[in-house]
Amino acid sequence: MTGAYQRDGKRWGDSGQERIAGKTAGKQTFNYGGRNMKLSIEEKKILYAFGCGSHENTVRRLKWVTALTVDEKVKRRVLCLARKLDDGGAGEWYPCFYRHLRLEMEGYFEAKKHIRMVEKSTDWEGFYGKAV
């Protein structure tokens, strides 16, 4: 099974950071203002980097980022996120959604940092023997 781990018949997410944080790396659904919004981890990272508490400024900034991006895949991903956020009625629930996203992503990056520290500080050859 590529990209996933299996233990005791349970399927886990694609990376250890999400398992530790109790979240999966796939799309998560948020229900704000009577709407379901699905965001992938890449979209969350984009919002974490370019978003702010103002809905109008965030959408405008994402459109500018789209205009300045040269990579077609990244351009499409940012534009789809801008269109997702630009749907009507998002201005009312967006500030609460953004605060929640910031807290979630800070926890995600903190867990990722701890994983890297553990991987660097652990002598895996001592546990499993030398590689063949």
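All values reported here derive from a predicted model rather than from experimental measurement.
Hydrophobic clustering keeps Leu81 apart from Leu79 (ILVMFWY residues linked when any side-chain heavy atoms are closer than 4.5 Å, directly or through intermediates). By the criterion of side-chain heavy atoms lying less than 4.5 angstrom apart, applied directly or through intervening Ile, Leu, Val, Met, Phe, Trp or Tyr residues, Phe50 is grouped together with Leu85 in one hydrophobic cluster.
When all heavy atoms of Pro95 and Gly53 are compared, the pair lying nearest together is CG-O, 4.0 Å. For the pair Leu39 and Lys44, the tightest heavy-atom approach, listed with the atom from each and the gap, is O-CE, 3.9 Å. The minimum heavy-atom distance linking Ala82 with Leu62 is given by the pair CB-CB, 3.8 Å.
Within the 4.5 Å cutoff, side-chain heavy atoms of Arg61 are placed close to those of Cys52. Considering only heavy atoms from C-beta on, Val59 comes within 4.5 Å of His55 through its side chain.
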Lys113 and Arg116: CA distance, side-chain angles, deciding distance, side chain to side chain contact (heavy atoms under 4.5 Å, CB included) verdict: CA-CA 5 Å; Lys113 182 177 84 173; Arg116 280 195 305 267; 4.1 Å; yes

Lys63 and Asp86: CA distance, side-chain angles, deciding distance, side chain to side chain contact (heavy atoms under 4.5 Å, CB included) verdict: CA-CA 10 Å; Lys63 289 180 180 177; Asp86 201 20; 3.2 Å; yes

Side chain to side chain contact (heavy atoms under 4.5 Å, CB included) between Val74 and Thr66, worked out: CA-CA 8 Å; Val74 175; Thr66 302; over 6 Å; no

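Here the CE-NZ distance, from Met105 to Lys112, works out to 8.0 Å after rounding to the nearest 0.5 Å. Distance check: Glu104 CD to Arg102 CZ gives 12.5 Å after rounding to the nearest 0.5 Å.
Under 4.0 Å is where a charged nitrogen must lie from a carboxylate oxygen, and between Glu42 and Lys45 no such pair does. The existence of a salt bridge linking Glu56 and Arg60 is confirmed by a sub-4.0 Å separation between a basic side-chain nitrogen and an acidic carboxylate oxygen. Between Glu43 and Lys84, at least one side-chain N (NZ, or NE/NH1/NH2) sits under 4.0 Å from a carboxylate O, which counts as a salt bridge.
Residues Tyr108 and Tyr48 keep their aromatic ring centres 6.0 Å or farther apart.
Ring geometry, Phe97 versus Tyr94: the interplanar angle falls from 30° to 60°, so the pair is classed tilted.
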